[in-house]
Amino acid sequence: MSLKDLINKTLSQWMKGTGPERDIVIGSRVRLARNLAGVPFPSIADDEHKAYVIKETKRALQATNGTLGRMEFIPLAEVPPLERQLLVEKHLISPAHTQNVKHKAVILRDDEAVSIMVNEEDHFRIQALFPGLALEEAWKLCSSVDDAFSEVLDFAYGERFGYLTACPTNVGTGMRASIMMHLPALTMTDQIRKMIGAVSRFGLAVRGIYGEGTEVLGNIYQLSNQITLGHSEEEIIQHLQKVTMQVLEQERAARQRVLAQDRLRLEDRIYRSYGILANARLLATHEAMQLLSDVRLGIDLGIVKGIEPRILQELMVMIRPAHLQKLMGQELDAPARDEKRAALIRERLRLAEKEGG
Amino acid sequence: MKKRGEAAVMCEACHKEPATVHVTRIVNDQKTELHLCAQCAKERGEIEMNVEPSFAFHNILAGFFEPETVVVSHPSRPAALRCSNCGLSLADYRRIGKLGCSQCYAQFERELEPLLKRIHRSVEHTGKRPKRLAGGRLDVRREIERLRRELQEAIAREAYEEAARLRDQIRSLEQGL
Ligand SMILES: [Zn+2]
Ligand SMILES: [Zn+2]
């Protein structure tokens, strides 16, 4: 299979680089936590309860009768560990969902815009992921899946506290909405910390892209709501949308400022990064992501030409350990991964140059 | 809540350690104050569930509440109290930071209320309801509440035309109740 075919096969809907505000917003995600009334939550449920949840899930999925699109039910115990990791790297399941996989499952829509984790922290985590700034659409899609399932399933809900979840931080709407953004100029000009401080006062949190950790890769940040109780889903989404628009405005202004103040130095940095990506023989994830961020900024500012902007989201997933090993068809230790990662990026850039001509 | 002065208040239980937990109890409108060190407060079950640093969402809570001041508006219940549906005890909950089943919310409502208030600054859900419950009076009331919030915002922005439109909408909904 050619690299191009492989990339196309790997791409989830959200990685396609389309959607509103695509110069900065990579993707929008909405996740709803739902549970079956009265059934113990997965953290304390025994095998029988968990098996019951799985049975109910299958029944509900069958009852939707294809109205939700082509959905596949995948028991994670039947998925090899490496393939589970691929799902994590594509943000379709959480890292926690790859551990102790007995009675854990994921439902995936064929375009991977919808994924439902079964028996994670809650019985159900319904997720919709869209490219670009598309919170409203992601919410509507999630909500329609929720509606379809609730025709069959008795979701835990109380009039006072709303949807009841394993962790009180999710109770109420059970909704976590987040925006994945590329903010190189705010980072470069050191305004990012101020931004993070400011949004936290609005009940929002900022973190890096992989895992719960604070590590930021490639200047990509996730902005999400912390408060789930006391506001409607629409209000939470509008609020997040408003704050996002302000962050976008600031990022764009910072880009123009950097460009106006020292274009030469910025061009130099971008071309150096491009040079390293195009020639390096060893690249660790962290370094590769930083360089990719620079090149992507160069593309957005019209400095680098002939490369599709989506190279960033494409490679940010493809250079992760599991994808790299899948691509090479073998297990690789860290030094070997650095070598293959560099090789993949070189090849990808050559492909872009050929096509961009 | 006001910060205590420099002179350390000593723990009223052991009289050895400085008091770091200040418990205000309001029972039948009677207010009592108790000053304890962290250890004694823990032993007496005075520390509310979220003060435990082992909590998964400890970081999220940072800044939302002042850990040195705890307000308990009712006597705390024994940590051995269990949810009759799933068997999770209050002590279990405090340890793992997660509930055992949806019924825990009703059974531990008292303990959860102050926590939810701190995390979400609210204890009333105003969002989506399952379809099976939809369309009732509660939905209309919720809609009215939502419009009222919008109205407040419109007034604050001095968008009077919009405010007038919202006020009419609220009136017509109220008549339907
Ligand atoms: Zn003491
Ligand atoms: Zn319970």
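Numbers restart at 1 for each chain; the letters A, B, ... are given by sequence-line order, proteins then strands.
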Taking the side chain as every heavy atom from C-beta outward, state whether [X] and [Y] have any pair of such atoms under 4.5 Å apart.
{"X": "B:Glu124", "Y": "A:Phe161", "result": "no"}
{"X": "B:Lys128", "Y": "A:Ser143", "result": "yes"}
{"X": "A:Leu229", "Y": "B:Arg121", "result": "no"}
{"X": "B:Lys98", "Y": "A:Glu121", "result": "yes"}
{"X": "A:Phe155", "Y": "B:Ser102", "result": "no"}

Report, as yes or no, whether the 6.0 Å neighbourhood of atom [atom1] on [X] holds more than 12 heavy atoms from other residues, nucleotides or ligands.
{"X": "A:Tyr52", "atom1": "OH", "answer": "no"}
{"X": "A:Arg193", "atom1": "CZ", "answer": "no"}
{"X": "A:Glu234", "atom1": "CD", "answer": "yes"}
{"X": "B:Arg157", "atom1": "CZ", "answer": "yes"}

Answer with side chain, backbone, both or neither: which region of [X] has an atom nearer than 4.5 Å to a non-hydrogen atom of chain B?
{"X": "A:Ile236", "value": "neither"}
{"X": "A:Asn35", "value": "neither"}
{"X": "A:Thr228", "value": "both"}

Report the distance from atom [atom1] of [X] to atom [atom2] of [Y], rounding to the nearest 0.5 Å.
{"X": "A:Cys167", "Y": "B:Ile119", "atom1": "SG", "atom2": "CD1", "value": "6.5 Å"}
{"X": "A:Ile44", "Y": "B:Cys101", "atom1": "CD1", "atom2": "SG", "value": "6.5 Å"}
{"X": "A:Arg160", "Y": "B:Leu116", "atom1": "CZ", "atom2": "CG", "value": "8.5 Å"}
{"X": "B:His120", "Y": "A:Gln226", "atom1": "NE2", "atom2": "CD", "value": "9.5 Å"}
{"X": "A:Tyr157", "Y": "B:Arg129", "atom1": "OH", "atom2": "CZ", "value": "5.0 Å"}
{"X": "B:Leu88", "Y": "A:Ser43", "atom1": "CG", "atom2": "OG", "value": "7.5 Å"}

Which atom of B:Leu99 lies closest to which atom of A:Phe41, heavy atoms considered
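Looking at all heavy atoms of both residues, the closest pair is O-CD1, 3.1 Å.
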Taking all atoms of both residues into account, what is the closest heavy-atom pair of B:Tyr105 and A:Pro168, and its distance?
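Looking at all heavy atoms of both residues, the closest pair is OH-CA, 3.7 Å.
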Based on non-hydrogen pairs under 4.5 Å, which of [options] is most in contact with chain B?
{"options": "A:Thr173, A:Val39, A:Leu164, A:Leu36", "value": "A:Leu164"}
{"options": "A:Ala156, A:Gly158, A:Ala166, A:Pro40", "value": "A:Ala166"}
{"options": "A:Ser150, A:Ala205, A:Pro42, A:Gly230", "value": "A:Gly230"}

Could you check B:Arg146 against A:Glu235 for salt bridge (charged side-chain N to carboxylate O under 4.0 Å, His left out), going step by step and ending with a plain yes or no?
CA-CA 9 Å; B:Arg146 194 184 63 78; A:Glu235 287 170 331; 5.8 Å; no
Stepwise salt bridge (charged side-chain N to carboxylate O under 4.0 Å, His left out) test for B:Arg132 and A:Glu151:
CA-CA 8 Å; B:Arg132 65 189 147 88; A:Glu151 300 258 338; over 6 Å; no
With a 4.5 Å cut-off on heavy-atom pairs, point out which of B:Glu145, B:Glu113, B:Gln103 contacts chain A the most.
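So the answer, after comparing B:Glu145, B:Glu113, B:Gln103, is B:Glu113.
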